[in-house]
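Side chains included, hydrogens not; waters and symmetry mates left out as well; all remaining heavy atoms used.
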Amino acid sequence: AQKITQTQPGMFVQEKEAVTLDCTYDTSDQSYGLFWYKQPSSGEMIFLIYQGSYDEQNATEGRYSLNFQKARKSANLVISASQLGDSAMYFCAMREGIANFGNEKLTFGTGTRLTIIP
Amino acid sequence: ETGVTQTPRHLVMGMTNKKSLKCEQHLGHNAMYWYKQSAKKPLELMFVYSLEERVENNSVPSRFSPECPNSSHLFLHLHTLQPEDSALYLCASSGGGDRANSPLHFGNGTRLTVT
């Protein structure tokens with residue numbers, strides 16, 4: 001079974017509008033972390049935001065916020081006031097349990113391609 | 001200097017060739033990773049090295065051979081590849097501690113085409 005599910009293969013959003021990218025996850029661990037990355041056409045994966053399973057507040061980083069609903073196992077990324085430079089692939093990822101032996105591996109979803117329309 | 005540097009950016013090789021991908025990190029991290037990114041599939045974790053010791057190998061075919069001579073460098077040696085091995089190969093590094101919020105830092109990747 002998929003551990004990370006991103007159901008939106010592609011999205012088109014008007015510039016300056018807010019956009020929500022969906023992510024649901026599956027884990028039996030009590031301790032886990034959720035990450036969002038942006039991948040422009042250049043290929044580099046850029047870290048955007050992190051949410052820990054025990055964090056009571058939703059994470060925010062500038063225009064990015066994470067809508068964390070633990071009971072629903074969802075961790076949607078919200079981008080406010082979208083810009084043309086936000087056009088990219090966006091990946092949701094999860095780290096389960098506590099990092100062990102220095103292995104901080106992440107499991108990724110299939111991604112959502114976001115296109116901002118001027 | 002960017003944090004994680006991968007070379008080459010693009011590589012085209014025949015099925016009988018031998019080539020190597022190189023990754024270098026300047027972040028003082030002690031864990032390094034190889035991921036494979038194919039179209040419409042999640043990133044697939046291939047190998048994990050921590051303090052130069054391989055700590056994870058996700059059933060990767062032996063035609064892929066990793067090498068980690070020190071905590072700053074990671075190689076992926078390729079030989080007798082198949083066309084389905086064509087993909088973007090991403091290297092990443094992390095602090096290697098028990099910090100749950102520590103993200104992976106990625107390079108720009110090597111776009112590999114096997115002909």
Side-chain angles (χ1 to χ4, degrees), chain A residues 1-10 23 25-27 29-55 59 61 64 66 89-113, chain B residues 2-10 23 27-58 68 71 87-112:
Chain A
Q2 289 267 29
K3 286 189 173 284
I4 297 286
T5 302
Q6 294 181 255
T7 57
Q8 305 151 311
C23 173
Y25 59 91
D26 182 26
T27 181
D29 285 348
Q30 296 300 309
S31 177
Y32 53 89
L34 297 155
F35 299 75
W36 277 92
Y37 281 83
K38 172 184 179 181
Q39 187 180 40
S41 56
S42 61
E44 183 184 3
M45 298 282 281
I46 301 167
F47 166 67
L48 296 178
I49 196 167
Y50 164 84
Q51 179 84 43
S53 58
Y54 293 117
D55 294 342
E61 288 287 348
Y64 304 109
L66 204 151
M89 284 289 291
Y90 288 80
F91 292 92
C92 181
M94 176 172 63
R95 173 176 294 143
E96 294 179 274
I98 297 172
N100 191 24
F101 296 107
N103 185 349
E104 298 169 303
K105 65 182 178 183
L106 296 178
T107 301
F108 286 82
T110 50
T112 296
R113 182 170 297 283
Chain B
T2 56
V4 181
T5 304
Q6 289 187 245
T7 54
R9 290 296 309 275
H10 300 273
C23 177
L27 299 169
H29 290 162
N30 53 26
M32 296 187 77
Y33 310 75
W34 280 116
Y35 278 87
K36 176 184 179 183
Q37 185 177 24
S38 305
K40 299 183 181 178
K41 293 174 70 174
L43 270 74
E44 301 170 63
L45 180 66
M46 300 175 73
F47 301 103
V48 182
Y49 275 82
S50 178
L51 296 172
E52 299 127 52
E53 178 183 342
R54 191 188 310 179
V55 296
E56 185 153 346
N57 176 346
N58 278 344
C68 187
S71 59
L88 181 68
Y89 288 84
L90 289 161
C91 173
S93 69
S94 68
D98 287 337
R99 292 165 291 177
N101 63 350
S102 174
L104 299 187
H105 296 259
F106 285 85
N108 285 339
T110 294
R111 174 71 62 187
L112 173 67

Which region of B/Arg9, side chain (C-beta onward) or backbone (N, CA, C, O), has a non-hydrogen atom less than 4.5 Å from a non-hydrogen atom of chain A, or is it both or neither?
side chain

Determine the option with the most heavy-atom pairs under 4.5 angstrom with chain A, choosing from B/Leu45, B/Leu43, B/Leu51, B/Asn101.
B/Asn101

Ranked by heavy-atom pairs below 4.5 Å to chain A, first place among B/Lys40, B/Glu53, B/Glu56 goes to B/Glu56

Using non-hydrogen atoms and a 4.5 Å limit, figure out which bit of A/Gln51 sits close to chain B: side chain, backbone, both or neither.
neither

Quick one: what part of A/Phe91 sits under 4.5 Å from any heavy atom of chain B, side chain, backbone, both or neither?
side chain

Enter the distance from [X]:[atom1] to [Y]:[atom2] here, rounded to the nearest 0.5 Å.
{"X": "A/Leu106", "Y": "B/Tyr33", "atom1": "CG", "atom2": "OH", "value": "7.5 Å"}
{"X": "A/Lys105", "Y": "B/Ser94", "atom1": "NZ", "atom2": "OG", "value": "12.5 Å"}
{"X": "B/Leu88", "Y": "A/Met45", "atom1": "CG", "atom2": "CE", "value": "9.5 Å"}
{"X": "A/Met89", "Y": "B/Gln37", "atom1": "CE", "atom2": "CD", "value": "7.0 Å"}
{"X": "B/Leu90", "Y": "A/Phe108", "atom1": "CG", "atom2": "CZ", "value": "8.5 Å"}

Over all atoms of both residues, closest heavy-atom pair of A/Arg95 and B/Leu104
NH2-CD2, 4.1 Å

